[in-house]
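These notes are about the structure you will find just below.
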Amino acid sequence: MFLSVFDLFKIGIGPSSSHTMGPMTAARRFLDEILAGDWPRPAGAKVDRIGASLHGSLAYTGIGHGSDRAVVLGLAGETPQTVDPDLADGIVAGIATEKRIAPPGHPTYRFDPATDLVLDRKTPLTGHANGMAFYAYDAGDRLLLKRIYYSIGGGFVVSEEELQRMKAKGSVTTEGKKVPYPFKNAVEMLKMAAKSGLSIAEMKRVNEETQMSREELDAGLDAIWGAMKGCIDRGLSQDGIMPGGLKVRRRARQLHDKLQEQWQQNRPNPLLANDWLSIYAMAVNEENAAGGRVVTAPTNGAAGTLPAVLRYWLHFHPEADQPSIRDFLLTAAAVGGIIKSNASISGAEVGCQGEVGSASAMAAAGLCAVMGGTPEQVENAAEIALEHHLGMTCDPVAGLVQVPCIERNALGAVKAVTAASLAIKGDGTHFVPLDAAIETMRQTGLDMNEKYKETSLGGLAVNVVEC
């Protein structure tokens, strides 16, 4: 069982990994299938027009999450990793005007976003809450090819067939990769650590290095942190109103300036660490809300929690160095892989407990590890953080990843640091195992009403508007 650190930490654009990065990736996959030509069609038939429909959570919150925009960008040949956020609006506007797409390597296809892209709220696809379908037609509008994809959280996209295979296996893990420490839950992780004498980060590193060289792994980890740090820095330099119509103002820069002033004056502030944590997290999620470049950690909606805790570590702990950043990320990825494999990181599946809750658990584990925690203390830290997000709903106002999402990341970071601090002061023994908290999150997600799972049909999404 193996989920790479680069499966969980993906560099892309906001505002949502499952609603933006996923649909963009799915659109690109559909283009690749068209080009491959490995599908039956009448003799001489050629694709002339493309269509797409978004279903379930993607349909309900697609506009606010930028899902429609993401599909257009994907069909234009863009990817979440390489698209320039500053050019994206121009690309979308051009296609809306010309009513055609010309992805690299393809002929020009007819595609009018106003009619060929449908947000279908009446027809859910049965495989997952984040379903989408793509269609290819000939010049006479005869359907040649239809493909269904699901965005299952964190930017992961699977076809209908792939999803069925995953469900049959009872896992969403990467197939065909054998590693020395194939732990699929926390119990196995701790047993392997005890037997090997390795830390969680060291076991994760050994697993990763079966797929790539040490130099490639370290360069990739450094690139992840570089993107996270760059996102924080950009978020701290921006101000103004975020897009979407709620007229929510960016606050991170203003709060940062105030903190800098207090820092320079040496004025006592017992909440200083919490303030810095909150500002770092808010900076990231304000960038995410504006469609900037972020790192899924493990999702875009929860992208600010883990970078904030890591930046806090570098800010307040003099022993912090480059190797500790890598160990932090490796440890966090190990815990994130367990959560994803046994429950979910998708707000559309289990609510915000799966997004900010998972991010907080990952961050707590990473921080505890670099503070010198044993594997048992690291597992304890992750459990404490996750336990105290259980039951959290996903109810974005107007379908935008702004309210309450931005502040939830800040509080998730505070909980992560608190959890790590509590765990490091103990000996690793505790009452609730991490595996039990993960299973509880899974069961709670199954029981949770759909209106509280990223549909904007309940909770703050309706009560704030009504007030």
Side-chain angles (χ1 to χ4, degrees), residues 12-37 39 41-42 44-55 58-121 123 130-149 151 155 157 242-245 289-293 399-400:
I13 64 167
S16 171
S17 48
S18 59
H19 288 63
T20 307
M21 291 171 61
M24 194 184 305
T25 300
R28 278 297 305 266
R29 280 194 61 172
F30 185 65
L31 289 176
D32 291 342
E33 290 205 45
I34 291 175
L35 204 58
W39 43 276
R41 70 182 111 174
K46 295 182 179 180
V47 175
D48 183 74
R49 181 169 71 89
I50 302 292
S53 56
L54 304 180
H55 302 259
L58 293 178
Y60 281 110
T61 63
I63 300 297
H65 283 64
S67 303
D68 53 340
R69 176 176 179 265
V71 168
V72 176
L73 288 169
L75 291 177
E78 300 290 345
T79 70
Q81 296 78 20
T82 60
V83 63
D84 186 337
D86 295 327
L87 300 179
D89 286 342
I91 295 171
V92 173
I95 291 172
T97 299
E98 297 175 8
K99 299 177 174 51
R100 304 189 75 83
I101 53 173
H106 289 255
T108 299
Y109 302 122
R110 287 185 292 139
F111 177 74
D112 182 357
T115 56
D116 292 324
L117 178 54
V118 178
L119 274 66
D120 186 348
R121 298 183 178 182
T123 314
N130 291 330
M132 64 202 106
F134 290 84
Y135 312 86
Y137 303 90
D138 66 10
D141 285 336
R142 174 177 49 172
L143 180 64
L144 300 178
L145 177 65
K146 175 184 177 181
R147 288 288 184 265
I148 293 175
Y149 303 98
S151 182
V157 170
M242 287 178 285
R293 190 167 301 284
L400 299 170

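What you see is a predicted model, and the numbers here were worked out from it, not measured in a lab.
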Who are the side chain to side chain donor-acceptor pair (under 3.5 Å) partners of [X], not counting sequence neighbours?
X    : value
D84  : none
T108 : none
T97  : none
D68  : none

Minimum heavy-atom separation for [X] and [Y], please, with both atom names.
X    : Y    : result
A289 : P243 : O-CG, 3.8 Å
L54  : A59  : O-CB, 3.4 Å
S67  : P23  : O-CB, 4.2 Å
G14  : T20  : O-CG2, 3.5 Å
P85  : R293 : CD-NH2, 3.4 Å
G22  : V157 : O-CG2, 3.2 Å

Next item on the list: Could I get the full list of ring-ring contact (aromatic ring centres under 6.0 Å, His included) partners for Y149, not counting sequence neighbours?
Entry: F134
Notebook entry, point to check: Under the 3.5 angstrom rule, does the side chain of S151 hit a backbone N or O of S18 as a donor-acceptor pair?
Noted result: yes
Notebook entry, point to check: Are any side-chain N or O atoms of T61 and backbone N or O atoms of G64, one a donor and one an acceptor, separated by less than 3.5 Å?
Noted result: no
Show the atom names and distances, to 0.1 Å, of all donor-acceptor pairs under 3.5 Å that link a side chain in residues 137-146 to residues at least two apart or in another chain.
from: D138; atom 1: OD1; to: G140; atom 2: N; distance (Å): 2.9
from: D138; atom 1: OD1; to: D141; atom 2: N; distance (Å): 3.1
from: D138; atom 1: OD1; to: R142; atom 2: N; distance (Å): 2.8
from: D138; atom 1: OD2; to: R142; atom 2: NE; distance (Å): 2.8
from: D138; atom 1: OD2; to: R142; atom 2: NH2; distance (Å): 3.0
from: D141; atom 1: OD1; to: R49; atom 2: NE; distance (Å): 2.9
from: D141; atom 1: OD1; to: R110; atom 2: NH2; distance (Å): 3.1

Notebook entry, point to check: Yes or no on side-chain contact (heavy atoms from CB on, under 4.5 Å) for L31 and L75, after CA distance, side-chain angles and deciding distance?
Noted result: CA-CA 7 Å; L31 289 176; L75 291 177; 4.2 Å; yes
Notebook entry, point to check: Any side-chain heavy atom of D116 within less than 4.5 Å of one from I50?
Noted result: no
Check: Tell me, which pairs form a salt bridge (charged side-chain N to carboxylate O under 4.0 Å, His left out) where one or both residues lie in residues 13-30, sequence neighbours left out?
Finding: R29-E162
Note to self: Please enumerate all residues that pass salt bridge (Lys or Arg N to Asp or Glu O under 4.0 Å) together with E98, with sequence neighbours excluded.
What the structure shows: none
Notebook entry, point to check: What residues, two or more places apart in sequence or in another chain, satisfy salt bridge (Lys or Arg N to Asp or Glu O under 4.0 Å) together with D89?
Noted result: R69
Checklist line | Where at least one partner belongs to residues 59-99, residue pairs that pass ring pair (Phe, Tyr, Trp, His ring centres under 6.0 Å), sequence neighbours excluded | finding: H19-H65
Note to self: Holding to side-chain contact (heavy atoms from CB on, under 4.5 Å), I want the full list of residues that pass it with P113, two or more places apart in sequence or in another chain.
What the structure shows: V72, I95, F111
Next item on the list: Supply the atom-to-atom distance S53 OG to I148 CD1, rounded to the nearest 0.5 angstrom.
Entry: 8.0 Å
Next item on the list: Under the side-chain contact (heavy atoms from CB on, under 4.5 Å) rule, what do M24 and I13 come out as? Steps first, then yes or no, please.
Entry: CA-CA 10 Å; M24 194 184 305; I13 64 167; 3.8 Å; yes
